[in-house]
Student: 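Handing you this structure, nothing more for now.
Hydrogens, waters and symmetry mates are skipped; everything else that's a heavy atom, side chains included, is used. If you're wondering where the values come from, they're calculated on a predicted model, not measured in any experiment.
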Amino acid sequence: MRWFGFGFNAFQQIKTLKNPENSGLDAEERLSSPTELKGHVNRDGRCFEFSQIRASWSRRASLHSDDAGCVCVAGFVNDSCRGVIKQSRGCRDVFISESHLTLAFLDRVECWDLQSSDDTPSWTMGIDTQSKSSAAVNLPLVPGGYIASKPPFFHSLSPHMQAKSLALGGEHVILLTATGAVYTWGQGSHGQLGHGGLLPEEEPRTVEALWGMKMSSVSAGGWHSVCISDAGDLYVWGWNESGQLGLPSQRLRKTSEKKTDQQEGELSQNSSTHQEEVFISIQAFPALFDVTPLCEVKTVSCGSRHTAAVTTSGDLYTWGWGEYGQLGHQSFSSSDEPQRVEFFRAQQLRVVGVVCGPWNTFAAVANEEGLAPEHPTKPLNKHGE
C-alpha cells in the first residue's frame, strides 16, 4: 500500500524542503498536488511501506508494515525523536498530538513526550492480555477508556457503552458503540455535538437524531463531526464556516464574488442569486449529505476545517478549507462542494483510505488494483432515496 500526502508541509511532514531557509510560504511548504511518501529503508536496504498514518498540526507518525512493527516520526520534533522511534518495536497502533506520541503494544500503552530526550515514557498503562477487551485497542480508544492528547492522558468510559471507536475533535469527542450508536461530549459552541444546541456536555450523550440508524464509523474535525452509516450514507454537523460540511458557506461565496468582481471590474451578475441562497454557518443537527449520488462512502476523515471521503468506487473527494492545498486540487482555494481529487484517477490509482491532519491530508492507495466503474449503482437508503 502506497501513501500520498498534500497540504501543510512547513515542517517537512510530507516531503523534505529543498530550500528550508527560505522565509514565507515557499511552494514546497504548501503542496496542492498529492506527493508520494517515501517508505523507511532499513540497514539491509529493504524498504518498508506504511500500514498506518496519524498526523497532528506539525508532525506525522507512520507505522511500518514490517514484521517487527516500528514507528517513524517526521515534522517538528527534536533529533532524538526524528526518524524511527527505537522504543516502538512491536507497536500495533499509534496516535500523535502536538506534545505526545502514544504507542499501543500487545501488553501496554505508552505516551512519550516529543519535546523530551528521556528514554522512558511519560505515562504507561498495562493491558491484560488475557482479557477480551485487550483486542479493543484502537487509539485513542483503549481498554476501559481513551487516551487524550495531553495530560491527564487516561479518561475512563463505562463498559456498558461497548465502545468500538472514538475520535478527538478540537474541543469535543465523538464515540461509536458496537451497536452502531453515536455519542458526543465536550464543547458544543459550534454545534459539533449534534444535539441541536450550542451547549457543552460533560458526559457522553447519544446523538438522538441518528437513533435507530446503525453507524459504521465516526470522525471529528476541529469543530465539526461526521459519521457513515452501514448503508454508506454520510451525516455531517457542526461548524461550516469554511464549507467543511459541504453545505453553502456565506464566507466562501462572498470571497468568490469578490474575486469575480475584481476580475470583471463590475458587480457580479449572480449577486442577487447568492443573496437569496440559504447559507449555513452552524448545523447543530446531523444532516444527510450526498458526496456523490452514484456511490457510497467507504471511509471519511476530518481536518481542522476540511473533510475528505473515500467512495466505494475508489475515488477521493475533499471539501472545506484549502488554503494550504489540503484539498489536493492543485490550487489553494476552499470549496463548500465535494470535488474529486483527479490526480488519483489520472494515475489509475484506487484510493482505499484517508487520514486528515489539521491542515493536510494523507491518502492510501492499493498497489496494482484497478478502479471501480465510473458510475456504479448505489443502493437506495432507508428513505428510498
Side-chain angles (χ1 to χ4, degrees), residues 54-58 95-100 102 111 138-142 145-158 161 163-177 181-211 215 217-228 234-247 249-251 279-287 289 300-308 319-321 326 334 336 355-360:
R54 296 290 182 95
S56 66
W57 179 69
S58 66
F95 182 80
I96 194 167
S97 69
E98 279 303 287
S99 59
H100 288 81
T102 303
C111 290
N138 180 18
L139 292 177
L141 193 66
V142 296
Y146 66 96
I147 305 299
S149 57
K150 57 185 179 181
F153 294 108
F154 181 76
H155 294 256
S156 63
L157 291 170
S158 169
M161 295 189 71
K164 176 183 176 182
S165 65
L166 180 145
L168 300 175
E171 299 175 324
H172 72 293
V173 182
I174 181 170
L175 178 147
L176 177 69
T177 71
V182 176
Y183 288 78
T184 59
W185 64 98
Q187 293 298 315
S189 58
H190 294 79
Q192 63 264 49
L193 301 185
H195 303 310
L198 307 181
L199 298 177
E201 295 286 344
E202 294 185 3
E203 299 295 330
R205 176 182 171 185
T206 183
V207 180
E208 295 178 3
L210 299 174
W211 193 256
M215 299 295 145
S217 67
V218 295
S219 184
W223 301 271
H224 70 292
S225 306
V226 301
C227 64
I228 304 174
L234 183 67
Y235 290 85
V236 300
W237 63 94
W239 200 26
N240 190 52
E241 178 263 354
S242 297
Q244 57 263 53
L245 300 185
L247 305 176
S249 167
Q250 187 174 26
R251 186 185 72 83
F279 297 109
I280 298 175
S281 175
I282 291 177
Q283 175 68 35
F285 282 111
F289 177 66
V300 67
S301 184
C302 299
S304 178
R305 288 183 286 165
H306 75 287
T307 308
W319 59 96
W321 187 49
Q326 59 264 50
S334 301
D336 58 6
V355 174
C356 290
W359 293 3
N360 46 33

Student: Evaluate E98 against S56 for side-chain hydrogen bond (donor to acceptor under 3.5 Å, both in side chains), listing each step before the verdict.
Tutor: CA-CA 6 Å; E98 279 303 287; S56 66; 2.7 Å; yes
Student: Applying side-chain contact (heavy atoms from CB on, under 4.5 Å) to L168 and Y146, what does each step give before you reach the verdict?
Tutor: CA-CA 10 Å; L168 300 175; Y146 66 96; 4.0 Å; yes
Student: Report the distance from atom CG of L176 to atom OG of S165, rounding to the nearest 0.5 Å.
Tutor: 4.0 Å
Student: Using every non-hydrogen atom in the two residues, find where G246 and N240 come nearest and quote the distance to one decimal.
Tutor: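 Heavy atoms of G246 and N240 come nearest at N-OD1, 3.8 Å.
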Student: Would the number of heavy atoms belonging to other residues, nucleotides or ligands and lying under 6.0 Å from CD of E208 be above 12?
Tutor: no
Student: Would you name the heavy atoms of A55 and G357 that are closest together and state the gap between them?
Tutor: CB-CA, 3.8 Å
Student: For a side-chain hydrogen bond (donor to acceptor under 3.5 Å, both in side chains) check, start with the C-alpha distance between H306 and S242, then their side-chain angles and the critical distance, and finish with the verdict.
Tutor: CA-CA 8 Å; H306 75 287; S242 297; over 6 Å; no
Student: To check you understand the geometry: which heavy-atom pair defines the closest contact between C302 and H224, and what is its length?
Tutor: SG-NE2, 3.5 Å
Student: Below 4.5 Å, heavy atoms only, C-beta onward: do W359 and S304 meet side chain to side chain?
Tutor: yes
Student: Between W237 and Q192, is there a donor-acceptor pair closer than 3.5 Å when you use the side chain of the first and the backbone of the second?
Tutor: yes
Student: Is the shortest heavy-atom distance from the side chain of W239 to the side chain of R305 under 4.5 Å?
Tutor: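 Yes, close enough: below the 4.5 Å cut-off.
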Student: Can you check side-chain contact (heavy atoms from CB on, under 4.5 Å) on L166 and L157, steps first, answer last?
Tutor: CA-CA 11 Å; L166 180 145; L157 291 170; 4.2 Å; yes
Student: Report yes if the side chains of T102 and P140 come closer than 4.5 Å at any heavy-atom pair, otherwise no.
Tutor: no
Student: Locate the shortest heavy-atom distance separating C227 from L210; write the atom from each residue and the value.
Tutor: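 So the minimum-distance heavy-atom pair works out to SG-CD1, 3.7 Å.
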Student: Between atom CG of D336 and atom CD of Q244, what is the distance when rounded to the nearest 0.5 Å?
Tutor: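 One gets 10.0 Å once the value is rounded to the nearest 0.5 Å.
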Student: Would you call F154 and C111 a side-chain contact if the rule is heavy atoms closer than 4.5 Å?
Tutor: no
Student: Could you tell me if the side chain of P204 sits less than 4.5 Å from the side chain of L175, heavy atoms only?
Tutor: no
Student: Is the distance between the ring centroids of H195 and F285 less than 6.0 Å?
Tutor: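 Not close enough - the centres of the two rings lie 6.0 Å or further apart.
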Student: Output yes when a side-chain donor or acceptor of R54 lies under 3.5 Å from a complementary backbone atom of L139, and no otherwise.
Tutor: yes
Student: For the CD atom of Q326 and the CH2 atom of W321, what is their distance to the nearest 0.5 Å?
Tutor: 5.5 Å
Student: Do V300 and L234 have side chains that get closer than 4.5 Å, going by heavy atoms?
Tutor: yes
Student: Walk me through it: do H172 and T184 pass the test side-chain hydrogen bond (donor to acceptor under 3.5 Å, both in side chains)?
Tutor: CA-CA 7 Å; H172 72 293; T184 59; over 6 Å; no
Student: Write down the atom of L193, the atom of L199, and the distance for their closest heavy-atom approach.
Tutor: CD1-O, 3.6 Å
Student: Could you give the distance from CD1 (I282) to CG (L247), rounded to the nearest 0.5 Å?
Tutor: 12.5 Å
Student: Determine the interplanar angle of the W223 and H190 rings, folded into 0 to 90°, and report it as parallel if under 30°, tilted if 30 to 60°, perpendicular if over 60°.
Tutor: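 W223 vs H190 ring planes: tilted.
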Student: Looking only at non-hydrogen atoms, find the nearest pair between C356 and S301 and report the distance.
Tutor: N-OG, 2.9 Å
Student: At what distance, to the nearest 0.5 angstrom, does CE of M215 lie from OH of Y235?
Tutor: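 M215 CE to Y235 OH: 5.0 Å, rounded to 0.5 Å.
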Student: For the aromatic rings, using the six-membered ring if either is Trp, is the centroid distance between F289 and W319 under 6.0 Å?
Tutor: yes
Student: side-chain contact (heavy atoms from CB on, under 4.5 Å), that's the test. Do K164 and N138 meet it? Break it down for me.
Tutor: CA-CA 8 Å; K164 176 183 176 182; N138 180 18; 6.0 Å; no
Student: Can you find a heavy atom in the side chain of M161 that is under 4.5 Å from one in the side chain of Y183?
Tutor: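 Side-chain contact under 4.5 Å: yes.
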Student: Please report the interatomic distance CD1(I174) to OG(S225), rounded to the nearest 0.5 Å.
Tutor: 4.5 Å
Student: Do V218 and V182 come within less than 4.5 Å of each other through their side chains, counting heavy atoms only?
Tutor: yes
